[in-house]
Amino acid sequence: MKEANQEIEQELAGFVQQAANHFDALTPETDLLAAGLLDSMMLMDLVLFIEERWGLKLSPYDISTQNFSTIARLQQLIESRLLQTTNQS
Amino acid sequence: MKWPLTSKPTAEHEIPLFNRLYLHARGDGGPDPTIGWLTEVSWDSISSFLTQQNSQLPLMVTPAHLLIRSVAESLRRHPELNRRVVGRKLRDFRAVNVCLATRTNSDREVHPVLIERADELSIADIATRLWEKQLELRRASAKELKDRKRMARLPGWVFRRVMRTYDQLDRWFALPIVSRLDRYRNSPVLVNDFTFAGAPLMRGYKPSRFPDQSKTINVTLGPPEEKVVWQDNQAQPIKVAPLSVRIDHRICDGFELAKFVSTLSTVLNSPSVLSSTGEPPTADEIEQQVGDVNDRSSDTTVPLNHDEDLSWRRTA
């Protein structure tokens with residue numbers, strides 16, 4: 001489980017770093033919004049990346065500062081959604 | 001099918017002389033009926049309001065959402081600007097609708113998003129609609145993308161013919177809205193949010209006007225910048241954001257533009273007038289709160305010299 005979470009974090013970090021032109025100081029706790037790494041276009045790219053990579057469908061209510069503030073928070077969102085999907089099926 | 005404009009135009013005798021001069025002037029190549037105003041608003045106020053809202057609301061609200069709501073509120077308070085030119089006449093819009101220019105990274109297109117009756121919506125409602133639309137556009141599931149694809153297939157000469165015919169009809173007749181793409185005409189204002197990280201300082205901005213003339217007003221919020229002001233007997237750093245408003249002189253004059261910009265600045269400098277605690281404010285609450293702000297400084301409905309607003313603008 002821990003490995004799976006780390007993998008999600010790594011993939012998210014890779015995507016953000018690539019989109020943010022290899023932002024050096026990125027950690028799971030970096031505030032993406034405060035660091036100016038997420039504008040609305042980048043946010044949409046990130047949502048689409050999450051949807052395509054993990055087969056999820058996010059709603060506007062998933063786009064909150066709580067969920068998108070850090071990579072660690074995003075990883076928690078994905079993890080909880082994947083768990084929901086598993087339980088439903 | 002929707003009819004965005006009222007059936008009767010503004011009577012000629014009600015239009016001020018100088019607006020009529022532009023209204024009846026030669027068309028293309030004639031005088032330029034554009035007035036612009038560049039001012040500054042407090043980014044600190046906007047930023048702290050958004051932080052507070054984002055800690056309470058279930059979804060993210062951004063400067064774009066606040067800007068749409070503030071423009072709608074200002075238009076509601078200045079209905080004389082919620083109109084457009086059709087032929088040589090002025091016609092009122094039936095509702096306060098606001099258009100925001102958006103983009104996606106998947107194409108190079110500008111996608112205007114129309115928020116209808118934006119003056120009756122909370123910021124959370126506006127955010128919900130915009131995120132939904134932006135998700136649709138990014139997922140390529142928005143229906144208007146099919147319309148664009150169809151248009152992209154038209155050869156240049158057909159496209160030119162179609163657009164010129166449409167332009168002429170729209171210029172001279174109060175047309176109904178019949179398709180997904182032309183519903184953007186159902187608003188007198190286009191809003192741009194250029195507050196994204198990395199945007200250069202904005203010292204001036206001259207937006208173009210759509211050929212169809214529906215966009216009487218353009219409002220652009222530029223990126224925040226630091227400034228030192230003299231406040232409480234000491235120099236203090238504050239953050240401000242440039243606010244540019246362009247308007248059509250056939251609709252109003254510089255004084256009326258100043259009043260509109262003043263209302264818009266007041267709302268952006270005190271955004272809490274738009275919302276209390278999470279619950280969307282009713283139109284009456286907004287009226288009361290904006291009224292309270294105005295009452296403190298002036299007995300006119302719209303203050304032109306607002307002590308609260310000006311205090312942070314005194315430069316060192």
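Chain A is the first sequence line, chain B the second, and so forth, proteins listed ahead of strands; every chain is numbered from 1.
- Using a 4.5 Å cut-off between heavy atoms, B/T62 does not touch chain A at all.
- Under the 4.0 Å criterion applied to side-chain N and carboxylate O atoms, B/K143 and B/E136 are not assigned as salt-bridge partners.
- With respect to A/E79, the side-chain hydrogen bond (donor to acceptor under 3.5 Å, both in side chains) criterion is satisfied by exactly one of A/Q75, A/R81, A/Q76: A/Q75.
- Using cut-offs of 30° and 60° for the angle between ring planes, the B/W131 and B/H65 rings count as perpendicular.
- Of the two parts of A/Q66, only the side chain, counted from C-beta on, holds a non-hydrogen atom closer than 4.5 Å to a non-hydrogen atom of chain B.
- Contact annotation for A/I63: both backbone and side-chain heavy atoms come within less than 4.5 Å of a heavy atom of chain B.
- Highest contact tally toward chain B, considering only A/E52, A/E51, A/M41, A/M42, is held by A/M41 [criterion: heavy-atom pairs under 4.5 Å].
- Nearest heavy-atom pair, B/I46 versus B/L221, reported as atom, atom and distance to 0.1 Å: CD1-CD2, 4.4 Å.
- Looking at B/S55, only its backbone comes within 4.5 Å of chain A, counting heavy atoms on both sides.
- With values rounded to the nearest 0.5 angstrom, B/L75 atom CG is found 10.0 Å from B/T263 atom OG1.
- Residue A/L38 does not touch chain B at all, counting heavy-atom pairs closer than 4.5 Å.
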